[in-house]
Each structure stands twice: as structure tokens, then as C-alpha cells.
Student: 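Sharing a structure, written as C-alpha cells. Questions coming.
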Amino acid sequence: MFTPQHIQQFNSIETPFYYYNTALLQNTISAIKAAAPKNYTIHYALKANAHPTLLNIFKHAGFGADCVSGNEVKRAIECNFAPSHIVFAGVGKSDNEINYALDNNIFCFNVESIHELQIINQLAALKNKTANIALRINPNVDAYTHKYITTGLEENKFGINPYEFDTVLSELKKLNNLHLIGLHFHIGSQIQDLTPFKNLCLRVNDINKWFIQKGYLLPHINLGGGLGINYSQPDTEAIVDFESYFNVFKQFLELQPQQHVHFELGRCIVGQCGSLISRVLYIKNGINTNFAILDAGMTELIRPALYQAFHKIENISANCASPVSHLPSSIIHLKYDVVGPICESSDCFGKAVSLPETKRGHLIAIRSAGAYGEVMSSRYNLRNEVKSVF
Ligand SMILES: *Cc1c(COP(=O)(O)O)cnc(C)c1O
């Protein structure tokens, strides 16, 4: 929710830029801490947003870091995350990335294939080190989310499949520079219905029992992330219902008392705290469609173009200027296709968006853009690097 003070602040800054509401972020962190059982470890997934200012907040909150590239591991270390709180996943870790993580003694590699086990072992042996590893397992659980952000199905490239477990265990006996400490799962992103998480728990219980029967009681069970946010209601549902989320695991996960539970949350922590703020450059009236052309485009926020993602779009200049802003239904609204300046037809933030009459110079907020927004921005069309404001 934006106030006239925000408008005043924004008016003095060149658009476009990301605005992050750190007070909301702190409240979200408090809600997680209140809802998560004490013996659960929360890692923040850097790929959602790796801004150092935000990472410092997560570090102070006591979260670990979940990284999916060598540079994310580096960023986490630069932001003073203890190496013992850093986990490193990803299907295609390069030798340089693995060596960097080995040199920094990170807590654990989440390993995604048998071939990768062999390579990490080889690189660790050259350094006379033993690498902690967890097996990233593909549990074949459908997350019922957009197909581009589903990761836990057999057809997806991620993780080791259950039919490979026997081979993994016989292989591990030969790999003396690896220490198997856990199992890792991550089934996808933007999961709002909790049923897939229940299904995940049931699969984890079976898989965990299988490993225990084979003589492997593994101390760390990592359930990944994926909890979704409400993109339609960024104000009324600014903080996710973390209690219901953690309750699913409390209720359905059956682990041994020695086993420790980890999560890797990204979107549900940072998503609602960020908005992309831009200005209307032009209004173009068509026969069936009015276009509001913004100074922000898919180069700043690619989610609508990439996944047909919905983001709530608000004309915050008109909302705040109106004396009846508390009665939005009494303002005349028109329909606009809200588009960016990039030379691609997919550069569209929303079609037939209902907005108060919109004019050149008005500030437009594209809400719920804190996760997978700034980190996915690009320099296509030689655009300027996007700025961020707190
Ligand atoms: C992306 C990712 C996450 C975070 O997912 P969110 O949907 O943002 O919570 C966690 N773990 C792994 C391995 C990931 O790739």
C-alpha cells in the first residue's frame, strides 16, 4: 500500500526502479520464526533476490543460505553468511564452482546426479578434502504449478530418481572423499495449495525408510522451498500463512528424533516486499485497446513474458491524488494494456487492466515483484541496469 509520502519519495527518483519495503520483510521474518518449530533450519534461497541489503537482513535473522551457483555462494560469503550455513544445489555445477565451494568449506552440496557425485569426489580428493553431500532426489510429486516452475517430476531435469538409489549406494562405497549427510527435495515454485507438500511428506517418509533399511540414518532432511504467494492480493495477504505450511510438515513428516529438518524458502519471504515502480511515458488509444506505455519493460521484470505470470498493477499517482482514494470504486476506471518499451510483443505486463484514467507521468507500481524480479533483469536493448530503493 502506497501513501502520499511514498509518492513524494518516488517523484524525486529516476524511474524505473525496484522499491523494497523492509518493514514488511521484517514482519514476514517474524511470522516465519513464530510459525517454524525450533528444530527447523530455514535457508533463504538467494536466487529469488540476492541484493546485499536484503541478504544482510536474512543473515541477521539467522537464516542459512541456499545457493544454486558459485557466484551465489560467493555473494553469501561476502554477505557474511557462515560457510557452515551454506548449501549448494544445481544440476550443472561447473568444476570452478565446485572448487570454490570446497575451498570455502560450505555445509553441503546437494548433488543431482551420479556423474556429479563422481566429479565432486574427484575434485575433493585433489584437495585432500571430504565434501558433505546430500542427495537431491526427484520424488515424482506433482506441484500443480506452471510447467516452467515444476521441478519434482520424473520428466524434469532435476535430481536423482528412486530407481537409481541402489547404484548410488554402491557407487558411494567407492567415493571416499564424499560424506553422505542427507536427502534433499524441491518440487517446484509458487505452490499455493498445500496438498503437494503433504504428498511430498509421504514420499519423503517412504524414501527415508528405504535409506534407513539400507543402514543410512541420515541426519539432514531438506524439504526445499516452493511456497507460493497471493499475487492478486498483495495488501490483504502480504504475509503468507506460514503456520499452515509448517503444520503440514509437523503433521505428515515421520522422521527419526536424530534427523534435522531444513527448508529453502525464496519467493514467500521476499515476493511481497518488492514493487517495480515505473512511469507512464505515453498513452496510445486504439480502437479496442488503450495502451499505457511504461518506462519499465520485460528487461526489468520478465515474469509476465516468461511464465505468463500475473502481477497486480496500480496507478499510484491517481490512487493517492484522488480525494476519494479510500473509495476506489467511485473513481472512473478504464481498461489499458500495460506494456513496456522493449521491441518484443511479449513485453506486456497485463492486458485489459482496469486503472483510473492514466496519464503521462503517472507512477505505476507493479506489485509482488520482490522475488524473481530484479535478479532476472537483463541488459537487452542495452537498457540501463535497474536500480533499487529502500
Ligand atoms: C528455487 C529453489 C528454491 C526456492 O524456491 P521458492 O519457490 O522461491 O521458495 C529452493 N531450493 C532450490 C533447490 C531451488 O532451486
Side-chain angles (χ1 to χ4, degrees), residues 25 28-29 32 36 40-51 54-55 58 63-73 76 85-93 97 101 106-113 116 133-139 141 143-153 156-160 182-194 196-197 200 204 220-231 239-242 245-246 248-249 261-274 303 306-307 309 368-376:
L25 192 58
T28 306
I29 290 169
I32 293 172
Y40 286 12
T41 295
I42 310 293
H43 302 262
Y44 169 68
L46 265 75
K47 82 173 191 279
N49 191 320
H51 197 291
L54 301 178
L55 292 186
F58 299 131
F63 292 172
D66 165 46
C67 302
V68 292
S69 75
N71 283 341
E72 284 191 358
V73 175
H85 288 153
I86 296 176
V87 295
F88 182 14
V91 280
K93 302 177 191 77
E97 291 177 312
I106 63 159
F107 173 60
C108 190
F109 292 85
N110 294 329
V111 180
E112 308 228 7
S113 67
E116 187 191 334
I133 58 143
L135 302 172
R136 174 165 182 180
I137 288 166
N138 184 336
V141 169
Y144 297 103
T145 185
H146 191 280
K147 64 179 191 301
Y148 287 3
I149 50 177
T150 291
T151 57
L153 285 177
N156 300 128
K157 67 179 175 181
F158 299 97
I160 294 170
L183 303 174
H184 173 237
F185 303 83
H186 173 69
I187 56 173
S189 200
Q190 185 48 20
I191 301 165
Q192 280 190 278
D193 172 20
L194 297 178
F197 293 116
L200 172 63
V204 170
H220 298 283
I221 305 294
N222 184 332
L223 285 311
L227 181 59
I229 61 171
N230 189 336
Y231 281 92
I239 298 179
V240 180
D241 180 359
F242 289 107
Y245 173 68
F246 288 118
V248 171
F249 297 92
V261 178
H262 299 252
F263 291 89
E264 302 165 336
L265 302 176
R267 187 193 310 270
C268 63
I269 304 181
V270 284
Q272 296 291 26
C273 87
R303 298 188 69 257
L306 186 61
Y307 321 115
S368 315
Y372 307 105
E374 189 176 346
V375 277
M376 282 196 184

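All heavy atoms count here, side chains included; hydrogens, waters and symmetry mates do not. Remember, it's 1-based here, ligands and their atoms both numbered in the order they're listed.
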Student: With a 4.0 Å cut-off on heavy atoms, does Phe158 reach ligand 1?
Tutor: no
Student: Please report which non-hydrogen protein atom sits nearest to atom 11 (N) of ligand 1, along with the residue it belongs to and the distance in Å to one decimal place.
Tutor: Glu264 OE1, 2.6 Å
Student: Should Ala371 be listed as contacting ligand 1, given a heavy-atom distance under 4.0 Å as the test?
Tutor: no
Student: Would you call Lys47 and Glu72 a salt bridge, taking side-chain N to carboxylate O under 4.0 Å as the test?
Tutor: no
Student: Is a side-chain donor or acceptor of Gln190 paired with a backbone partner of Ile229 at a separation under 3.5 angstrom?
Tutor: yes
Student: Is it the side chain (CB and beyond), the backbone, both or neither of Ala45 that lies under 4.0 Å from ligand 1, heavy atoms counted?
Tutor: side chain
Student: With sequence neighbours excluded, what pairs up with Asp241 under the side chain to side chain donor-acceptor pair (under 3.5 Å) test?
Tutor: Ser244
Student: Is it the side chain, the backbone, both or neither of His186 that has a heavy atom closer than 4.0 Å to ligand 1?
Tutor: side chain
Student: Can you tell me if Asn156 uses its side chain to pair, donor with acceptor, with the backbone of Phe158 under 3.5 Å?
Tutor: no
Student: What part of Asp66, side chain from CB on, backbone N/CA/C/O, both or neither, has a heavy atom under 4.0 Å from ligand 1?
Tutor: side chain
Student: As an exercise, identify every atom of ligand 1 less than 4.0 angstrom from a heavy atom of Tyr372.
Tutor: 1 (C), 4 (C), 5 (O), 6 (P), 8 (O)
Student: Does an N or O from Arg267, backbone or side chain, lie closer than 3.5 Å to an N or O of ligand 1?
Tutor: yes
Student: Would you check whether Gly226 has a nitrogen or oxygen atom less than 3.5 angstrom from a nitrogen or oxygen atom of ligand 1?
Tutor: yes
Student: Would you say ligand 1 has an N or O under 3.5 Å from any N or O of Arg136?
Tutor: no
Student: Taking only residues two or more places apart in sequence or in another chain, which ones pass side chain to side chain donor-acceptor pair (under 3.5 Å) with Glu112?
Tutor: Arg136
Student: Going by the atom numbers of ligand 1, which of them fall below 4.0 Å from some non-hydrogen atom of Gly266?
Tutor: 6 (P), 8 (O), 9 (O)
Student: Taking the ring centre of each residue, are Phe263 and Tyr245 less than 6.0 Å apart?
Tutor: yes
Student: At what distance is the nearest protein heavy atom to atom 7 (O) of ligand 1, and which residue and atom is it?
Tutor: Ser189 OG, 2.3 Å
Student: With a 4.0 Å cut-off on heavy atoms, does His43 reach ligand 1?
Tutor: no
Student: Is the terminal nitrogen or CZ of Lys93 (NZ for Lys, CZ for Arg) located under 6.0 angstrom from the six-membered ring centre of Phe88 and within 45° of that ring's axis?
Tutor: yes
Student: About how many Å separate CD of Glu116 and CG of Asn110, when rounded to the nearest 0.5 Å?
Tutor: 9.0 Å
Student: Just need the protein heavy atom nearest to atom 14 (C) of ligand 1, so name the residue and atom and give the distance.
Tutor: Lys47 NZ, 2.9 Å
Student: Can the ring centres of Tyr44 and Phe58 be said to be less than 6.0 Å apart?
Tutor: yes
